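Lettering follows sequence order; numbering is per chain, from 1. Bear in mind that the values here come from a model prediction, so they are computed numbers and not experimental data. Scope of the values below: all heavy atoms of this structure, side chains included, with no hydrogens, waters or symmetry mates.
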Amino acid sequence: VARYDIVWSSVVFAILLVFFWFKVLPNFKKNLDARTEAIEGRLAAAEKAQAEAAAKTANIEAEQAAARADASQIRDEARAEAAVIGVEIKEAAQAEAARLIASAKAQIEAETQAALVSLRAEVGSLAVDLASSVVGESLKNDKLAANVVDSFLAELETKKK
Amino acid sequence: LINALSLLTQAAYAEASDGGFSAPSIDEFYPQVIAFQGTWFELDRIMLIRLLVMTALVVLFWLWSSKFKKSYKNNILVPSRFQLMGEISLNFVRKNIAHEQLGEKDGERFLPLLTTIFFLILGMNITGIIPFLNIAGTSRIGLPVVLAAVAYVTFIYAGVRKHRMKFFTANLFPAGVPKPFYILVTPIEFLSTFILRPVTLALRLTMNMIAGHLLLVLCFSATQFFFFNADGFFKLFGAGTFVFGFAFTVFEILVSFLQAYVFTLLTTVYIQLALADEH
């Protein structure tokens, strides 16, 4: 083996060893590590974002459900209230109607009574007038006439009954 | 074709140009000294090829390295095609050799050495088929010897660091062998572990490269001879030898890679055996 053969081989090997050891491989490994780290970081971030989105969606859904429940509750209450109000109105109307009917009846009764009384008085005098005109002077005795009229009217009344 | 031509000019240069068939010889591997004759730093063609390969490796990996740096500095996650080639190359040694044999922790410890050995051998081997270079930087025994010595020192260092002196006793006196047999077993173990391992590492690589080079020279100088010096019918043989030369050139690409892989893998396995806990 030639001396210079070994020397040159050693020189070449030593230079390349140092070069690979301190230059190429550190950069190579850092590059791979950085890539691994970045990919893992991004995956984690994506997972987090996904979880956040899911939570947000769940929130919105819960809110929607609550709003829906609120709305239906309000609707139910309104319906119940409306029913109550309807009943009240009806009752009030019925009461009013009954009152009107009653007062009308009373008025009619009163008027009938008044009419009867005035009629009785008028009919009496009219009859007396008529009878006096028919019967003439003899019957001008008021006391008798009044008795005749009263008895006539009482007769009328019993007949009527 | 360029390959064939340059091989032929080289062959013609090496042999006296008598016009006949020039058989390849071992002189191929001891070319003329170019500079610094007689000093420790004599330069010849193969040494120049080694320096050229080293420069090429430094340039290529410097480019990759700066790509990696840019990547992690600017947080670029998607590598370019060029960067990906570098990552695949370096990861081949890292994952398929270092991590697989040694595990992640020890794999990372010895990774600089293994990476250097792999790419150095691959680069030196491949010059065997690169036009105008045409000879592998590893076809002179010096470089394989240096690398084998490094592997040898490394696996002994790994074993001693972990098991102290038990590393030697456990290797030379394997457990589970009846005591009298140590007379037989211990010399064998010593020979195989501490002598044959580095010798075979160095010789396997050198001989593969020498054989590959001789085959290529034989094929292409024969082609030259048949085409230009043979008469009539024999010129046809030239086509045959040329096809063989082409086939062996392709085969040498495979051998270059395979020898780099085998050398690195065996170094890793020796380290792994030294670290193993059965001792």
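- No donor-acceptor pair closer than 3.5 Å links the side chain of B:H213 to the backbone N or O of B:G128.
- In this structure, chain A has a heavy atom under 4.5 Å from the side chain of B:F119, while its backbone stays farther away.
- Contact count versus chain B (heavy atoms, under 4.5 Å) is highest, among A:V24, A:V18, A:N31, for A:N31.
- Taking the six-membered ring for Trp and the full ring otherwise, A:F28 and B:W64 have centroids separated by 6.0 Å or more.
- Of all the listed residues (B:N75, B:T138, B:D44, B:V78), the one sharing the greatest number of non-hydrogen pairs under 4.5 Å with chain A is B:D44.
- For an aromatic pair to be called close, the ring centres must be under 6.0 Å apart, and B:Y261 with B:F92 satisfies this.
- B:Y270 places no side-chain N or O within 3.5 Å of a backbone atom of B:A151 that could act as its donor or acceptor partner.
- Of the atoms belonging to A:L16, heavy atoms from both backbone and side chain fall under 4.5 Å from chain B.
- Salt bridge B:E87/A:R35: present, at least one basic N to carboxylate O contact under 4.0 Å.
- For A:L25, the part lying under 4.5 angstrom from a heavy atom of chain B is the side chain only.
- Only the side chain of B:L147 comes within contact range of chain A, with at least one heavy atom under 4.5 Å from a heavy atom of that chain.
- Two rings, from A:Y4 and B:F41, have their centers 6.0 Å or more apart.
- Ionic pairing of A:R120 and A:E157 is present here: one or more N-O contacts between side-chain nitrogen and carboxylate oxygen are shorter than 4.0 angstrom.
- Ranked by heavy-atom pairs under 4.5 Å with chain B, the list A:V11, A:L32, A:D33 is led by A:L32.
- Chain B forms more heavy-atom pairs under 4.5 Å with one residue of A:V7, A:I15, A:L17 than with any other, namely A:L17.
- If you tally non-hydrogen atom pairs under 4.5 Å between each of B:P144, B:S71, B:P79 and chain A, the highest count goes to B:P79.
- Residue B:M47 touches chain A through its side chain alone, counting heavy-atom pairs closer than 4.5 Å.
- Residues B:K162 and B:D106 are not paired through a salt bridge, judged by the lack of any N-O separation under 4.0 Å between the basic side chain and the carboxylate.
- For A:F19, the part sitting under 4.5 Å from any heavy atom of chain B is the side chain, from C-beta outward, and nothing else.
- Chain A forms the most heavy-atom pairs under 4.5 Å with one residue out of B:K70, B:Q83, B:E108, B:K73, and that residue is B:E108.
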